[in-house]
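Single-structure report; data block below.
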Amino acid sequence: MQELPEVTDPRVIDGRKIAQGIEAEVKKEVDAFVKRRSIRPALATILAGEHPPSKLYVKLKHWACKRVGIVSEDHKFPQETKQEEIIGLIEVLNKRPEIHGILVQLPLPKHIDERAVMMRIAPVKDVDGFNPLNMGKMLIGREGFVPCTPKGIVRALSEFNIDPQGKEVVVVGHSNVVGKPAAIMLLNRNATVRVCHVYTKDLKSHTKEADILIVAAGVRGLIKADMVKEGAIVFDVGITWQDERVYGDVDFDDVLPRVKLISPVPGGVGPMTIAILMEHTLAAAKMQAGE
Ligand code: NAD
């Protein structure tokens, strides 16, 4: 795996450090929960196909479970698996009381309707926040399980005591996984939010206005210094794999001199996303135990 340099620049958000803080807290609470209820939180992951990055992300999630004392189960399907087989497993996992969280690693193979699959995860076990019920709750500001990546961004802002209220937030990317939930969660915190995407005309005219810029397009180096406001806070969510390395959507070296804060790739949003997943799995176990 790619070596991460130590973060020494105060402008660089150390996602690993924030994640370690979250995981330490989760571990403490998991230990107390196990003592109190004799129930160990458990996460089941579902992976279909042979997409190497997805395999790595699932592995990282299982390692995180181990670190915090959460049991994890690894379910794998071949690329050509049928949608009904995945849904069948979800139905079984929904009914198993010792499984508290279910995570379907995206993307699923192209012949599978991701939305149809996500809808079948019981909302109380939907630790990734993709079930339409949880999405709808988020839309009306009753955030339960929300997608882990934008929640990690919100958490990072609070770590730096940055209140999004009244700030200009620009989100690049409008997927259900990152862009839209990030926009809604920041809107719920009274930011002024605009969402850009591949059909946005003159992207720069928008990004230049952002106090907080969240970039989740999956286009390596999309954001250059002249697209960023002086003193902005930049979250780079994008991941592009090239030659066994990962690259973000932000041209980091170009943009760094202009920013107040920036999350690097790797070592930024990714580890925080996984730590939030751990937090959600614990929350799911508590909820299912009636706490
Ligand atoms: P997606 O492909 O579903 O959506 C991409 C979005 O970016 C779309 O809204 C599209 O319109 C927009 N876009 C594409 N090209 C653009 C351009 N040139 N200008 C402006 N907008 C453009 O992807 P996604 O699932 O939202 O993920 C986005 C990126 O974030 C990917 O690289 C993904 O790997 C990464 N990701 C990282 C994490 C993490 O934990 N770090 C989690 C989820 C996704």
Side-chain angles (χ1 to χ4, degrees), residues 1-2 4 13-16 18-19 22-23 45 47 51-61 63-64 103-108 110 112-115 117-118 127-130 135 146-156 170-185 193-210 213-224 226-228 234-242 245-252 262-280:
M1 226 183 331
Q2 201 166 329
L4 294 184
I13 298 169
D14 188 344
R16 283 171 308 174
I18 295 174
I22 297 170
E23 285 187 13
T45 64
L47 172 70
H51 187 231
S54 293
K55 282 175 147 176
L56 173 63
Y57 302 147
V58 168
K59 201 191 283 178
L60 292 173
K61 288 166 188 174
W63 286 349
L103 176 136
V104 177
Q105 184 65 42
L106 300 180
L108 287 170
K110 293 229 173 331
I112 294 177
D113 177 355
E114 286 182 354
R115 287 286 104 200
V117 170
M118 293 310 179
V127 286
D128 241 348
F130 294 152
M135 285 269 180
V146 294
C148 298
T149 300
K151 186 162 172 188
I153 292 172
V154 167
R155 180 66 60 85
V170 176
V171 180
V172 181
H174 72 334
S175 73
N176 293 324
V177 182
V178 189
K180 277 189 221 166
I184 292 162
M185 291 174 74
V193 181
R194 61 179 114 166
V195 182
C196 302
H197 44 75
V198 74
Y199 298 109
T200 299
K201 290 178 187 138
D202 195 4
L203 182 63
K204 178 175 158 180
S205 69
H206 300 284
T207 57
K208 256 184 5 189
E209 301 290 320
L213 177 61
I214 299 170
V215 194
V219 180
R220 180 182 169 183
L222 176 68
I223 303 297
K224 310 277 182 215
D226 66 345
M227 300 169 80
V228 176
V234 180
F235 288 95
D236 188 355
V237 182
I239 298 176
T240 302
W241 284 80
Q242 264 167 16
R245 292 182 71 83
V246 294
Y247 298 92
D249 287 353
V250 178
D251 187 335
F252 185 87
I262 184 167
S263 72
V265 176
V269 172
M272 297 190 298
T273 298
I274 294 176
I276 297 291
L277 176 68
M278 298 300 108
E279 204 176 72
H280 282 181

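All values below were derived from every heavy atom in this structure, side-chain atoms included, with hydrogens, water molecules and symmetry-related copies excluded. Start at 1 and go down the list; that is how both ligands and their atoms are numbered.
For Asp249, no heavy-atom contact with ligand 1 is shorter than 4.0 Å.
We find the NE2-CG distance between His206 and Leu213 to be 12.0 Å, quoted to the nearest 0.5 Å. The CD1 atom of Ile274 lies 8.0 Å from the CD atom of Glu23; values are rounded to the nearest 0.5 Å. Residue Thr45 holds its OG1 atom at 12.5 Å from NZ of Lys59, rounded to the nearest 0.5 Å.
Legend: residues meeting side chain to side chain donor-acceptor pair (under 3.5 Å) with Thr207, ordered by chain and number and at least two apart, are absent.
When every heavy atom of Met185 is checked against every heavy atom of Val146, the shortest pair comes out as CE-CG2, 3.6 Å. Nearest heavy atoms, Asp236 versus Gly248: OD2-CA, 3.2 Å. Residues Ser175 and Val178 come closest through the heavy atom pair OG-N, 3.1 Å. Closest heavy-atom contact between Pro150 and Pro181: CG-CB, 3.8 Å.
Interface of Gly173 with ligand 1, defined as ligand atoms under 4.0 Å from a residue heavy atom, comprises 6 (C), 7 (O), 9 (O), 12 (C). If you number the atoms of ligand 1 from 1 as listed, the ones under 4.0 Å from a heavy atom of Val172 come out as 20 (C), 21 (N). Remark: ligand 1 atoms within the under-4.0 Å shell around heavy atoms of Gly270 are 40 (O), 41 (N).
In terms of polar-atom proximity, Ile239 is counted as a contact of ligand 1, with an N or O under 3.5 Å from an N or O of the ligand. Of the N or O atoms in Leu222, none lie within a sub-3.5 Å distance of an N or O in ligand 1. Of the polar atoms of Thr240, none of the N or O atoms is found under 3.5 Å from an N or O of ligand 1, judged by distance alone. At least one N or O atom of His174, backbone or side chain, sits closer than 3.5 Å to an N or O atom of ligand 1.
Among Ala217, Gly179, Pro271, Pro150, the residue whose heavy atom lies nearest to atom 7 (O) of ligand 1 is Ala217. Comparing Gly152, Gly218, Ser175, Gly248 against atom 24 (P) of ligand 1, the shortest heavy-atom distance belongs to Ser175. Scanning Val195, Val171, Val237, Leu60 for the heavy atom closest to atom 35 (C) of ligand 1 points to Val237.
With a 4.5 Å cut-off on side-chain heavy atoms, Asn176 and Met118 do not count as touching. Between Lys180 and Met135, every side-chain heavy-atom pair lies at or beyond the 4.5 Å cut-off. Contact of the Asp128 side chain with the Val104 side chain is not registered, since no non-hydrogen atoms from C-beta on lie closer than 4.5 Å.
Using a 4.0 Å threshold on non-hydrogen atoms, atom 2 (O) of ligand 1 does not count as touching the protein.
Among all protein heavy atoms, the one lying closest to atom 44 (C) of ligand 1 is Val178 CG2, 3.7 Å. The shortest contact between atom 11 (O) of ligand 1 and any protein heavy atom is with Val198 N, 2.9 Å. Closest protein heavy atom to atom 42 (C) of ligand 1: Thr149 OG1, 3.2 Å. Looking from atom 28 (C) of ligand 1 to the surrounding protein, the closest heavy atom is Ala216 O, 3.4 Å. Ranking the protein heavy atoms by distance from atom 40 (O) of ligand 1 puts Thr273 OG1, 3.1 Å first. Considering only non-hydrogen protein atoms, atom 15 (N) of ligand 1 sits nearest to Val219 CG2, 3.5 Å.
Heavy-atom separations between Gly238 and ligand 1 include at least one value shorter than 4.0 Å. Put simply, no part of Thr200 is less than 4.0 Å from ligand 1, judged by heavy atoms.
If you run side-chain contact (heavy atoms from CB on, under 4.5 Å) between Asp249 and each of Val237, Ile214, Val215, only Val215 comes through.
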